[in-house]
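The structure appears below as structure tokens.
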Amino acid sequence: MRTTDTTTTATPAPRMYGTTTGGTFLRYSHEIAAAVTLPSGARALVAPGPLTAAAGIALTTACAALSTRLALLAFLADPQADEPIGITGHDPFTEPTPPALVGSGPEPDRERVRRAGDRCVDAWRLWTQDRDSGQSVVGVAGALGLGAWCAWAVHAEARAATRARYALDLPSQDPLARLVLRSCTLGVRAVWRG
């Protein structure tokens with residue numbers, strides 16, 4: 001008798017969670033992990049010294065959802081934010097889009113944003129050296145997308161476009177990387193107020 005292997009690799013099923021009105025909504029495991037690691041990911045962006053493997057994993061995990069990437073972006077752009085106390089994911093239904101996304105609002109600390117962008121690239125490099133680390137490709141692409149925004153925010157458009165392309169080369173449709181690449185292609189620059 002002949003048998004065949006029917007094993008397939010499947011995407012993990014989304015988990016269903018109830019709402020207060022009795023309906024349900026979808027939450028994917030990488031989004032839950034991103035929300036849980038958001039404060040650690042924010043600290044990894046601005047910590048002194050080289051990026052450790054653990055900080056790189058926290059950073060890429062926190063970048064696995066767009067809502068957490070927008071929160072990290074707002075944290076980096078806020079000139080008053082030193083510590084990510086109480087940081088939560090961005091809720092597009094109740095909160096306005098962070099003005100920093102399109103380069104408006106108060107000018108962030110350029111060195112802080114530049115260093116955070118470099119740390120996003122460092123996290124990607126650590127992942128390329130150990131692709132079996134269990135990190136989500138979505139999170140790695142998200143970190144590169146955030147790194148692309150950081151370069152764009154400090155007027156390093158060529159670097160921003162390169163980072164965005166690397167993010168989009170991963171099996172990802174990262175919306176932040178797409179926005180940054182489109183902004184660079186169209187010559188749209190951040191216009192911060194002093």
Side-chain angles (χ1 to χ4, degrees), residues 29-31 33-79 81-85 87 89-90 98 100-101 103 107-181 183-184 190:
S29 58
H30 66 269
E31 292 176 343
V36 170
T37 58
L38 181 58
S40 298
R43 282 186 195 93
L45 283 172
V46 297
L51 186 74
T52 65
I57 290 170
L59 177 55
T60 59
T61 304
C63 287
L66 182 59
S67 69
T68 51
R69 262 175 282 152
L70 290 178
L72 290 170
L73 183 149
F75 169 71
L76 288 173
D78 184 352
D82 291 328
E83 187 65 28
I85 298 169
I87 188 171
H90 175 77
L101 179 64
E107 183 172 8
D109 180 335
R110 292 174 65 88
E111 186 52 39
R112 180 178 187 231
V113 172
R114 182 179 295 112
R115 186 175 63 246
D118 291 344
R119 291 175 79 85
C120 288
V121 173
D122 290 343
W124 167 73
R125 285 188 182 125
L126 287 170
W127 174 78
T128 61
Q129 295 167 6
D130 184 11
R131 292 188 183 216
D132 294 328
S133 63
Q135 296 176 70
S136 159
V137 173
V138 173
V140 174
L144 275 176
L146 181 61
W149 176 85
C150 290
W152 175 82
V154 297
H155 301 269
E157 286 84 4
R159 180 175 294 153
T162 299
R163 290 175 179 177
R165 284 188 189 98
Y166 274 107
L168 294 170
D169 282 346
L170 294 172
S172 169
Q173 299 296 321
D174 187 72
L176 184 54
R178 283 178 176 259
L179 176 66
V180 170
L181 185 57
S183 296
C184 293

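Everything numeric here is computed off the predicted structure, so don't read it as measured data. By convention here, the first residue in the shown sequence is residue 1.
- Leu76 places a side-chain heavy atom less than 4.5 Å from the side chain of Cys150.
- Residue pairs satisfying the salt bridge (charged side-chain N to carboxylate O under 4.0 Å, His left out) criterion with at least one member in residues 36-50, sequence neighbours excluded, are listed as follows: Arg43-Glu83.
- With sequence neighbours excluded, the residues that form a side-chain contact (heavy atoms from CB on, under 4.5 Å) with Ala77 are Ala100, Pro108, Trp149.
- By the side-chain contact (heavy atoms from CB on, under 4.5 Å) test, Leu51 is found to be paired with Ala44, Ala55, Arg119, Asp122, Ala123, Leu126, residues two or more places apart in sequence or in another chain being considered.
- Taking the side-chain contact (heavy atoms from CB on, under 4.5 Å) definition, one finds that Leu101 meets it with Leu70, Leu73, Thr97, Leu176, Leu179, sequence neighbours left out.
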Trace of the side-chain contact (heavy atoms from CB on, under 4.5 Å) decision for Thr61 with Ser136
CA-CA 7 Å; Thr61 304; Ser136 159; over 6 Å; no
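- Listed here is the closest heavy atom pair of Ala164 and Ala148: N-CB, 3.6 Å.
- Looking at Thr68, its side chain never comes within 3.5 Å of a backbone N or O of Gly89 through a donor-acceptor pair.
- For the pair Cys63 and Leu146, the tightest heavy-atom approach, listed with the atom from each and the gap, is SG-CD2, 4.0 Å.
- Closest approach of Ala141 to Ala167, counting heavy atoms only: O-CB, 3.5 Å.
- The two residues Pro175 and Leu66 come nearest to each other via the heavy atoms CG-CD2, 3.8 Å.
- The line from CH2 of Trp152 to OG of Ser183 is 5.5 Å long, rounded to the nearest 0.5 Å.
- Every pair tested for ring pair (Phe, Tyr, Trp, His ring centres under 6.0 Å) that includes a residue from residues 39-63 fails, sequence neighbours excluded, so the list is empty.
- Of all non-hydrogen atoms in Gly145 and Val180, the two that sit nearest each other are O-CG2, 4.5 Å.
- For Arg159, there are no side chain to side chain donor-acceptor pair (under 3.5 Å) partners two or more places apart in sequence or in a different chain.
- With hydrogens and angles disregarded, no donor-acceptor distance shorter than 3.5 Å links the side chain of Arg112 to the backbone of Val46.
- For Ser67, the side-chain contact (heavy atoms from CB on, under 4.5 Å) test picks out Ala65, with sequence neighbours left out.
- Distance check, rounded to the nearest 0.5 Å: CD1 of Ile57 to OG1 of Thr37 gives 11.0 Å.
- Not a single ring-ring contact (aromatic ring centres under 6.0 Å, His included) links Trp127 to another residue, sequence neighbours left out.
- Pairs engaging residues 48-72 under the ring pair (Phe, Tyr, Trp, His ring centres under 6.0 Å) rule: none recorded [sequence neighbours left out].
- Across Ser40 and Ala58, no two heavy atoms sit closer than the pair CB-CB, 4.0 Å.
- For residues 170-180, the salt bridge (charged side-chain N to carboxylate O under 4.0 Å, His left out) pairs, not counting sequence neighbours, are Arg69-Asp174.
- The closest donor-acceptor contact from the side chain of Arg163 to the backbone of Gly147 lies under 3.5 Å.
- Put simply, the side chain of Pro79 does not reach to within 4.5 Å of the side chain of Asp109, judged on heavy atoms.
- Partners of Asp78 by salt bridge (charged side-chain N to carboxylate O under 4.0 Å, His left out), not counting sequence neighbours: none found.
- Atom CG of Leu45 is separated from atom SG of Cys120 by 5.0 Å, given to the nearest 0.5 angstrom.
- The list of salt bridge (charged side-chain N to carboxylate O under 4.0 Å, His left out) pairs with a residue in residues 45-66, not counting sequence neighbours, is empty.
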